[in-house]
A.B. asks: 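Quick one: the structure is below, questions incoming.
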Protein chains: 2
Amino acid sequence: MRIAEPTVERLVLYYRLLMQLHNEERRVVSSQEIGELLGLKASQVRKDLSYFGEIGKRGVGYHVDRLYQHISGILSPNRLWKIALVGVGRLGEALLGHKALRSDKFRIEALFDSDSNKAGTVICGVPCYNSDDMTEVIKEKGIEVLILTVPANAAQTSVDKAVAAGTLRGILTFATSAISVPDDVLVYRVDISVELEKLLFFLKSGLK
Amino acid sequence: MRIAEPTVERLVLYYRLLMQLHNEERRVVSSQEIGELLGLKASQVRKDLSYFGEIGKRGVGYHVDRLYQHISGILSPNRLWKIALVGVGRLGEALLGHKALRSDKFRIEALFDSDSNKAGTVICGVPCYNSDDMTEVIKEKGIEVLILTVPANAAQTSVDKAVAAGTLRGILTFATSAISVPDDVLVYRVDISVELEKLLFFLKSGLK
DNA sequence: TTTTGTGAAGTTTTTCACAGCG
DNA sequence: CGCTGTGAAAAACTTCACAAAA
């Protein structure tokens with residue numbers, strides 16, 4: 001069955017929360033409580049979890065460790081993804097050091113930057129290559145996912161070089177520009193100004 | 001009429017695109033073309049724009065500059081928002097220098113960090129204060145929006161101090177932790193690991 | 001003729017409400 | 001009895017399809 005994107009998004013939130021509850025030695029938690037902690041309706045929580053089988057106990061709730069393992073199994077890939085980060089500017093470097101990019105699900109195997117002073121160096125333990133060599137390095141290393149932190153005007157060029165390697169399957173882009181990719185490459189976007197604009201819009205229009 | 005969040009999100013994309021088209025001296029653009037450039041259906045574009053009155057010309061399309069001005073009017077706040085950034089780590093600093101935080105809609109008026117070496121300094125032209133003084137400084141300056149780039153475990157404390165000032169209306173948080181705020185404070189979240197997890201999940205499950 | 005603007009239809013996502021199990 | 005799991009209802013959002021304007 002196809003799982004909806006909003007559900008996957010919340011699964012990650014459940015996963016984090018359960019990790020925390022586990023650390024607090026909590027044994028059991030109800031959909032009601034999960035909902036309160038994450039700002040969701042209890043029925044939403046139950047519906048999400050029900051897509052993956054009956055995991056709770058009626059009259060009791062969800063066993064924290066069991067649910068944690070369960071969601072972990074749903075979210076985990078069957079292998080280690082190989083990732084490259086393109087654009088080692090301030091944002092790129094900040095992300096490299098950021099908790100979000102530490103995971104046992106993937107490894108950052110290469111950095112790319114158009115600044116030839118950066119090429120050849122090792123940053124946060126990851127070798128940096130010149131952007132000109134992107135196609136070959138990505139192909140050679142079998143990189144499947146790109147994290148794009150280049151300026152908007154460099155985004156499409158970078159993507160084209162990466163796609164040319166033939167190994168690419170997904171892109172997480174922080175660039176504001178629209179990028180075009182083959183149908184079989186999945187793109188997710190993190191757009192800081194869009195989020196800020198939305199916040200200000202709804203603040204202006206007298207609240208949510 | 002209440003405008004839906006997905007619509008506001010796309011308005012920002014239209015706005016950006018129109019700016020670009022304007023620079024390319026394009027005079028007129030159709031919903032069809034906007035859709036192609038942004039990966040949206042033409043009917044979606046027309047529906048979004050129709051919420052704000054009849055702005056296009058049938059048989060012709062949308063006049064680039066006119067539509068740009070129009071959307072600008074919808075998105076613009078009626079005043080300059082005062083923003084503070086909390087947590088001047090790598091991510092915080094990267095954002096400070098980032099294009100997303102340059103705008104004539106708001107101004108970053110204060111930074112806060114728990115590191116007392118940073119307090120008293122001026123970073124990217126913005127004075128940095130000690131987090132302990134957050135409540136007073138926010139109140140004094142009339143800060144209405146917070147950008148939160150602190151570690152998860154510091155998020156709630158920071159928020160509480162900011163809320164105590166009584167001037168806060170919205171928060172854009174990069175922290176992974178759930179935060180609780182009064183009902184009248186609007187929270188938007190930019191969650192890098194969630195986006196990456198979603199990407200990997202849908203890659204794993206054999207594409208979108 | 002071309003392309004908008006828009007009700008109506010369709011799809012997706014959330015919420016309700018309650019049967020059913022522990 | 002308490003709380004899950006889940007069809008069914010509701011709400012939110014997108015797409016269709018066509019009348020109407022330029």
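Letters A, B, ... are given to chains in the order of the sequence lines, protein chains preceding strands, and every chain is numbered from 1.
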A.B. asks: Could one point to a donor on the side chain of B/Arg58 or the base of C/dT3 with an acceptor on the other under 3.5 Å away?
C.D. replies: no
A.B. asks: Could you check how far NZ of B/Lys57 sits from P of C/dT3, rounded to whole Å?
C.D. replies: 15 Å
A.B. asks: Whole angstrom is fine here: how far is it from CD1 in B/Ile55 over to P in D/dA22?
C.D. replies: 14 Å
A.B. asks: Check the distance between C/dA8's P and B/Lys47's NZ and give it to me in whole angstrom.
C.D. replies: 11 Å
A.B. asks: Output yes when at least one side-chain N/O atom of B/Tyr62 is less than 4.0 Å from OP1 or OP2 of C/dG5, else no.
C.D. replies: yes
A.B. asks: Where does the angle between the aromatic ring planes of A/His22 and A/Tyr68 fall among parallel (under 30°), tilted (30 to 60°) and perpendicular (over 60°)?
C.D. replies: parallel
A.B. asks: Just say parallel, tilted or perpendicular for the rings of B/Phe112 and B/Tyr129, cut-offs at 30° and 60°.
C.D. replies: tilted
A.B. asks: What's the CZ-P distance between A/Arg27 and D/dC3, to the nearest Å?
C.D. replies: 19 Å
A.B. asks: Taking the nucleotide of DNA chain C with the nearest heavy atom to each, does B/Gly53 or B/Gly59 sit closer to the 5' end?
C.D. replies: B/Gly59
A.B. asks: Is it the case that the side chains of A/Asp65 and A/Gln69 hold a donor-acceptor pair, with the cut-off being a distance below 3.5 Å and no angle test?
C.D. replies: no
A.B. asks: Can you tell me how far C1' of D/dA22 sits from CZ of B/Arg66, to the nearest Å?
C.D. replies: 14 Å
A.B. asks: NA contact type, A/Ser30, heavy-atom cut-off 4.0 Å: base, sugar-phosphate, or nothing?
C.D. replies: sugar-phosphate
A.B. asks: For B/Leu49 and C/dT4, what is the distance between atoms CG and P respectively, to the nearest whole Å?
C.D. replies: 9 Å
A.B. asks: Checking A/Glu197 against B/Arg16 for the salt bridge (charged side-chain N to carboxylate O under 4.0 Å, His left out) test, could you report, in this order, the C-alpha distance in whole Å, the side-chain angles of both residues, the deciding distance, and whether it holds?
C.D. replies: CA-CA 12 Å; A/Glu197 288 274 5; B/Arg16 275 187 196 151; over 6 Å; no
A.B. asks: Whole angstroms only, please: what is the NZ-P distance between B/Lys41 and C/dG10?
C.D. replies: 15 Å
A.B. asks: Strictly below 4.0 Å: does A/Arg46 bring a side-chain N or O up to OP1 or OP2 of C/dC16?
C.D. replies: no
A.B. asks: Before accepting this row, confirm whether a basic side-chain N of the pair A/Glu93/B/Arg90 lies closer than 4.0 Å to the acidic partner's carboxylate O.
C.D. replies: no
A.B. asks: Would you kindly give the CD1-to-P distance between B/Ile3 and D/dC13, to the nearest whole Å?
C.D. replies: 11 Å
A.B. asks: Could you tell me whether the phosphate oxygens of D/dT4, OP1 or OP2, come under 4.0 Å of any side-chain nitrogen or oxygen in A/Ser31?
C.D. replies: yes
